[in-house]
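Down below is the structure, laid out as structure tokens.
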There are 2 protein chains.
Amino acid sequence: MKKEIPLLNTITTASNQDLEKYEQKFKALADQQRLQIINILAVKESVCVCDLTPIIDMPQSKLSYHLKILLEADLIKKEKQGTWNYYSLNVSELKGILSDQLCCVFLPSSC
Amino acid sequence: MKKEIPLLNTITTASNQDLEKYEQKFKALADQQRLQIINILAVKESVCVCDLTPIIDMPQSKLSYHLKILLEADLIKKEKQGTWNYYSLNVSELKGILSDQLCCVFLPSSC
DNA sequence: CTGGTATATCAAAAATAATTGATTTATACA
DNA sequence: TGTATAAATCAATTATTTTTGATATACCAG
């Protein structure tokens, strides 16, 4: 849904840009499998897709799909090294979204 | 999707209960219209549905639907007063989820 | 009780998102 | 070059969520 929300600027404080941006980030977070991927990346630092597939029991195309959603929301980063793509958390972005309490749950190293 | 995620307890730190619980909360947040409702409630404190309908241009049944989702995720509270239902934020719950930065965007009074 | 307002709920339709298996692209290396 | 592995993408299917309009429920005032 790319629809623009009607402006309520006289009442609200969040801009349409805010709404759109955080909708995307919360959508990316709104899935158990993706939360689990985030949690794995938090513990293992940097992981390639081929290492992730056996850890989280999931076909490769499905994993790529979920990684892409996290990537597009800027919650994770990707670095290409030859044949491999290494994924890692975008910690500063996540810390800008999640409470300290939640960071402790999903990014335990940051506690 | 009520599916249980397979246990990866040797690797991850978040429990299945965590995953399930925060999935629901992030789902509730993952919608521009609901983020806007939260923002309105933050500014206006306590509002009945009939006051909300004209502010946010939305049919009443749709508004009730979105309020229900926020309510079930425990992000807002409902208080019945006669014919009216007054909704307000569950501020402590929201602060337990959102970073200070995000609270400033959506719950400006808490800044 | 009757009529009116506030709100929730329901079932059907529409829109979006997730899953799957197959295919493509890219790189590595024998 | 030919083969193998890593990973992304695609199109079709399935599942989930959202929207809509209609109806039901609850309370209030006359």
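In what follows, chains carry the letters A, B, and so on, assigned in the order in which the sequence lines appear, proteins first and then strands, with residues in each chain numbered from 1. These numbers come from the heavy atoms of this one structure, side chains and all, not from hydrogens, waters or symmetry mates.
- Classification of the B:Phe26-A:Phe26 ring pair by plane angle, with boundaries at 30° and 60°, yields parallel.
- Checking D:dT18, C:dA8, C:dA26 against the side-chain heavy atoms of B:Asp31 singles out D:dT18 as nearest.
- A sub-4.0 Å separation between OP1 or OP2 of D:dT19 and a side-chain N or O of B:Gln33 is present.
- When distances are taken from the side chain of A:Ser61 to each of C:dA17, C:dT20, C:dA6, the shortest belongs to C:dT20.
- Toward the 5' end of DNA chain C, the nearer of the two residues A:Gly82 and B:Tyr65, judged by each one's closest nucleotide, is B:Tyr65.
- Checking the phosphate oxygens (OP1, OP2) of D:dA8, a side-chain nitrogen or oxygen of A:Asn85 falls inside 4.0 Å.
- Across all strands shown, A:Tyr87 has heavy atoms under 4.0 Å from sugar-phosphate atoms exclusively, and none from any base.
- When the side-chain nitrogen and oxygen atoms of A:Lys68 are compared with OP1 and OP2 of D:dT9, one or more of them lie within a distance under 4.0 Å.
- In this structure, the nucleotide among C:dA6, D:dA7, D:dC27 sitting nearest to the side chain of B:Cys50 is C:dA6.
- Put simply, B:Lys78 has a side-chain N or O that comes within less than 4.0 Å of OP1 or OP2 on C:dA8.
- A:Lys27 has a side-chain polar atom (N or O) that falls below the 4.0 Å cut-off from OP1 or OP2 of C:dA17.
- Nucleic acid contact for A:Ile69: sugar-phosphate only, since backbone atoms but no base atoms lie under 4.0 Å from a heavy atom of the residue.
- The side-chain contact (heavy atoms from CB on, under 4.5 Å) test with B:Glu93 singles out one residue from B:Ile76, B:Leu75, B:Leu98, and that residue is B:Leu75.
- Counting all heavy atoms, side chain and backbone alike, B:Asn39 lies closest to A:Ala14 at OD1-N, 2.9 Å.
- When the side-chain nitrogen and oxygen atoms of A:Thr83 are compared with OP1 and OP2 of C:dT27, none of them lie within a distance under 4.0 Å.
- Heavy-atom nearest nucleotides on DNA chain D were determined for B:Gln60 and for B:His66, and the one closer to the 5' end corresponds to B:His66.
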